[in-house]
Amino acid sequence: SQISHGRENDLRIEIDGTSSSVGITLDAPSSIVRGMVINRASNQGLQIGGSAAGSLIEGSLFGLDYAGAAISANGIYSVIVLAPSVTIGGAAPAARNVISGAGSASLYITGASNSVVRGNYIGTDAAGATDRSNSCYGLHLYGTSSLTVGGTGAGEGNVISGANCSGTYLQNSSGTLIQGNQFGTTASGLAAVPNGQGIQSYLSSSFTIGGTAAGAGNLISGNSSQGVYAQNSNAFVMQGNRIGTQPDGITALPNAYGIYLSSSPATVGGVAAGAGNIVAHNLQDGVAVSSGTGTKIRGNSLFGNGHLGIDLADNGRSPNDLADSDAGANLTQNFPVLVSASIDGFGDLQVTYSVSSDPGNQAYPLTVDFYEADLLGQGQVYLGSNSYSAVDYGVGNKTVNLGNAAGLGVASPEPLVSVATDNNANSSEFSDARLVGVPGATSFVVNTTNDGNDGVCNPAHCSLREAIYYSNLNS
């Protein structure tokens with residue numbers, strides 16, 4: 001069945017549900033609702049019943065007046081979905097729904113699977129500029145599986161803003177894919193329309209926020225509490241997102257916290273191309289792990305956060321302890337100690353470090369990631385990694401060559417920091433910063449009798465003349 005006026009996104013029918021508990025109920029499979037305005041129902045504006053699998057809802061307004069400017073709220077939900085394989089919205093502007101103005105959730109999907117929510121404005125006016133939520137949740141997923149929220153293509157992301165509690169709430173749900181959306185901002189992404197939390201999960205698993213593909217990352221900014229808040233959730237991944245900035249990934253549009261994890265082991269970032277998140281300018285911590293173990297935090301760009309870049313136990317700086325025998329969030333993994341950092345005579349960045357984690361207390365080998373730091377000691381630019389073995393622990397200090405300093409964008413006296421992650425995915429806080437220095441003549445190794453100066457002193461060719469020249473230059 002089809003309910004439509006026959007012209008794309010040309011609103012001509014308004015259902016005023018003032019005298020009804022439900023504006024419209026769909027019970028036929030593959031139903032289509034297009035170009036409707038549904039408001040003022042005492043319970044829900046549109047109910048997609050369990051028999052209406054495969055239905056399509058597009059180009060409509062819910063919980064707003066006919067102009068899409070003012071709240072004309074439905075009592076509990078503006079749209080409730082009980083059927084599987086339902087599509088809400090689409091990539092084309094004409095397919096966009098504006099779903100706002102409800103008492104509990106603007107869009108509530110429960111017990112359903114394989115549905116898609118794409119290209120909508122949820123919690124705003126029709127321009128995507130003003131808070132028109134009037135609800136606790138923008139999108140509430142309860143007991144769902146394998147849902148897609150947004151997408152990587154042009155126009156597929158949703159704007160989900162203005163919710164008093166959470167923009168998107170995953171509750172007892174699994175397999176959700178959240179990509180290309182904006183949480184807590186206007187449609188332009190340049191100003192805040194705050195949710196409480198941008199994304200909240202509880203007792204949910206195996207979901208993905210962002211991704212490494214072009215367009216997969218979400219913009220999660222301007223929210224009054226956490227950008228992402230996970231509680232008692234597991235096996236999920238956050239990659240390629242911008243959290244606390246405008247779309248440029250630089251200009252501040254802060255949340256209170258960037259990411260806050262409570263008993264929710266997760267993968268935050270990664271060292272593959274596109275995996276790192278930008279988590280910046282948030283008022284408190286960039287990433288806080290308040291409890292639980294197994295959260296891997298690697299390859300992200302963290303800078304300008306008001307408290308710590310990474311905070312284990314959300315209690316401020318956690319000092320290293322003897323042999324790393326303590327427990328707590330991520331086992332309070334000891335951070336590395338950077339002994340020295342210098343640019344050698346060949347222009348390579350050499351870092352000497354140690355990690356005081358006894359192999360009897362932590363799972364080896366450790367992975368140590370190195371970063372160029374901002375002025376607050378937060379790792380802003382990922383530079384490379386090194387494996388630290390139980391044998392290395394026995395030796396103590398280890399030196400690693402991270403490659404050509406100029407190619408890495410590192411010069412003296414810029415600060416470096418590092419993070420250690422054990423073999424059970426427990427990452428530490430950032431280390432203390434170490435400034436990059438330039439050593440003297442002993443770093444220039446003469447390896448040829450060919451007395452010349454070709455402008456470089458490197459492993460391929462470094463004459464005595466070149467060694468003397470560069471030693472004097474760098475003294």
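A donor-acceptor pair shorter than 3.5 Å can be found between the side chains of S291 and S263. No side-chain donor-acceptor contact under 3.5 Å links S290 and D314. Side-chain polar atoms of T144 and S173 form a donor-acceptor pair below 3.5 angstrom. Counted by atom type alone, S428 and Q333 present zero donor-acceptor pairs between their side chains at under 3.5 Å.
In this structure a side-chain-to-backbone donor-acceptor pair under 3.5 Å is present from N300 to V268. In this structure a side-chain-to-backbone donor-acceptor pair under 3.5 Å is present from N158 to G119. A donor-acceptor contact shorter than 3.5 Å is absent between the side chain of N386 and the backbone of V368.
More than 12 non-hydrogen atoms from other residues, nucleotides or ligands lie less than 6.0 angstrom from OH of Y364.
Each of N277, I278, V279 was evaluated against L302; a single residue qualifies, V279, per the side chain to side chain contact (heavy atoms under 4.5 Å, CB included) test.
Y353 is linked by a ring pair (Phe, Tyr, Trp, His ring centres under 6.0 Å) to F370, Y388, counting only residues two or more places apart in sequence or in another chain. Every residue meeting the salt bridge (Lys or Arg N to Asp or Glu O under 4.0 Å) condition with D432, not counting sequence neighbours, appears here in chain and number order: R317. In this structure D422 satisfies the salt bridge (Lys or Arg N to Asp or Glu O under 4.0 Å) test with no other residue, sequence neighbours excluded.
Of all non-hydrogen atoms in Y260 and Q226, the two that sit nearest each other are CB-CG, 3.5 Å. Taking both residues in full, the closest heavy atoms of V193 and S161 are given as O-CB, 3.2 Å, listed atom of the first, atom of the second, then distance. Pairing each heavy atom of L26 with each of V33, the nearest pair is CD1-CG2, 3.8 Å. Residues A73 and A102 approach most closely at CB-N, 4.3 Å, considering heavy atoms. D374 and P415 get closest at one heavy-atom pair: O-CG, 4.2 Å. Residues A83 and S115 share a closest heavy-atom pair of O-OG, 3.8 Å.
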Identify each donor-acceptor pair in which a side-chain atom of residues 47-56 lies under 3.5 Å from a protein atom, sequence neighbours left out, and give them as a table.
| unit_1 | atom_1 | unit_2 | atom_2 | d |
| --- | --- | --- | --- | --- |
| Q47 | OE1 | Q44 | NE2 | 2.6 |
| S55 | OG | S31 | N | 3.1 |
| S55 | OG | A52 | O | 2.7 |

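Classification of the Y137-H140 ring pair by plane angle, with boundaries at 30° and 60°, yields tilted.
Pairs of residues two or more places apart, or lying in two chains, that qualify as ring-ring contact (aromatic ring centres under 6.0 Å, His included) and include a residue from residues 298-334 are H281-F303. Listed by first and then second residue, the side chain to side chain donor-acceptor pair (under 3.5 Å) pairs involving residues 66-84 are R40-S72, N74-S78 (not counting sequence neighbours).
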Using side-chain hydrogen bond (donor to acceptor under 3.5 Å, both in side chains), reason through R298 and T367 one step at a time and then give a plain yes or no. CA-CA 10 Å; R298 300 190 61 204; T367 299; 5.0 Å; no
